[in-house]
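The block underneath contains the structure these notes are about, expressed in structure tokens.
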Amino acid sequence: MQERNAGASASASMNERMNSVEVFDGIRFPGFMHSQESLRAACGFQFKDTDILLVTFPKSGTTWMQQVLSLIFCEGCLWPIHHLPNWARAPWMEQISFSHLVTQLNTSWPRLLTTHLPAKALAAALRTSKARVIYMARNPKDVLVSFYHFHKIAGFLPDPSSFEDFVDEFLKGTGFFGSWFDHVKGWLGLQQDLNLLLVTYEELYQEPRATIRKLGEFLGHPLGPQEEAVILKHCTFSFMSQSSMVNYSLLPKDIMDQSRGKFLRKGVVGNWKEHFTPEQDEKFNVVYKAQMGDSGLCFPWTMD
Ligand code: PPS
């Protein structure tokens, strides 16, 4: 893979971009959908007070939450759910396509935006507005497993050499999108400064109705029982697996080869137990404790 950094030119062909890496503030991003310009533009974005920003480390349930947020604002009119892909309903701010997609957003909704960027990249821009931020987190062991499988199907990410190496890279934080630990601590360290709600994959999985209600309240959009029922029906793993608007089947095989594995792969809590050896688990727990031990953060997942 070819690495680019701040000095590099933006004019690369689609094929070159597929195998390239953008290094931004020391973090690697797939060059297929990121450029230095798109990353820089995200950092200087002018938020509106009405914006809703979904923040995740990859594989933490981004697509799931994009679906839930769209369902909350579509108020029973399911046209966008059936006709607009997730990336057009809640585009990623740091991606090349954003400058176009943001102009196409439905003006009768608040702007739904998504990012995988670390807190330090967006904190300054966010502090100038009252935009609502939803931070979605997931047990990092499940994130790691999901990300490992995703590397095998995504044409814009390198094939992992082995699961063992992938674990080491994840723990060092040198993989694509940087360190999970820095991401979570960075964003949740801003809870006092921003209008931020923490939601976890695990709570949405275990208590979907209560979690959706909590989201509605945070968003100033309280939901009635019928609205909740419509949302719950359209954000299940089985519904989303069949929906081309959220299962990425619209993408050609060279971008995402789902004959090698599905984007919506398992959709469960604790799948890491079927992947980690006892030694990998021990190694992970040591780093997790060192990184998160005194963070004061409390999550609903167990590490054993
Ligand atoms: S990405 O590429 O960062 O946008 O990926 P992301 O959407 O964050 O994460 C993909 C994982 O979320 C799971 N998923 C779901 N789980 C349960 N229910 C629903 N409805 C759902 N939708 C997406 C998806 O299956 C990926 O997790 P794994 O563990 O790989 O199955």
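Indexing begins at 1, ligand by ligand and atom by atom, following the structure's order. Treat the numbers as computed from the prediction; the structure is a model and nothing was measured.
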Are any of the N or O atoms of Leu264 closer than 3.5 Å to those of ligand 1?
no
Between Phe284 and Phe276, does a ring pair (Phe, Tyr, Trp, His ring centres under 6.0 Å) hold up when you go through it step by step?
CA-CA 9 Å; Phe284 198 108; Phe276 279 56; 5.8 Å; yes
Can you check whether Asp142 has an N/O within less than 3.5 Å of an N/O in ligand 1?
no
Is any side-chain heavy atom of Met65 less than 4.5 Å from a side-chain heavy atom of Thr56?
no
Do any nitrogen or oxygen atoms of Phe57 lie less than 3.5 angstrom from nitrogen or oxygen atoms of ligand 1?
no
Can you find a non-hydrogen atom of Phe263 under 4.0 Å from ligand 1?
yes
Test of proximity, Tyr201 against ligand 1: N or O pairs below 3.5 Å:
yes
Protein heavy-atom partner closest to atom 20 (N) of ligand 1 - residue, atom, separation in Å:
Cys235 O, 3.0 Å
Heavy-atom distances under 4.0 Å decide this one: backbone, side chain, both or neither, for His116 against ligand 1?
side chain
Where on Ser146 is there a heavy atom closer than 4.0 Å to ligand 1, on the side chain, on the backbone, on both, or on neither?
both
Carboxylate-amine/guanidinium contact Asp142 Lys266, below 4.0 Å:
no
Check each heavy atom of Tyr205 against ligand 1 and say whether those closer than 4.0 Å belong to the side chain, the backbone, both or neither.
neither
For Asn271 and ligand 1, answer yes if some heavy atom of the residue is under 4.0 Å from a ligand atom, otherwise no.
no
One thing to verify: whether Lys283 and Asp168 come together as a salt bridge, which I'm taking to mean a side-chain N less than 4.0 angstrom from a carboxylate O.
yes
Under a 3.5 Å cutoff, is there a donor and acceptor pairing between the side chains of His116 and His34?
no
With a 3.5 Å cut-off and no angle check, do the side chains of His221 and Glu75 form a donor-acceptor pair?
yes
Under 6.0 Å from the CD atom of Glu207, do we count more than 12 heavy atoms belonging to anything else shown?
no
Polar atom proximity, Lys266 to ligand 1 (N or O, under 3.5 Å):
yes
Is it possible for you to say whether Phe237 and Tyr205 belong to one hydrophobic cluster, with membership spreading through side-chain heavy-atom contacts below 4.5 Å?
yes
The option among Gln67, Lys59, Arg138 carrying the non-hydrogen atom nearest to atom 27 (O) of ligand 1 is Arg138
For Phe47 and Phe45, take the angle between the two ring planes, folded into 0 to 90°, and tell me which bin it lands in: parallel under 30, tilted 30 to 60, perpendicular over 60.
perpendicular
Could you list which atoms of ligand 1 come closer than 4.0 Å to a heavy atom of Thr236?
20 (N)
Using distance alone, determine whether Gly61 and ligand 1 share an N or O pair under 3.5 Å.
yes
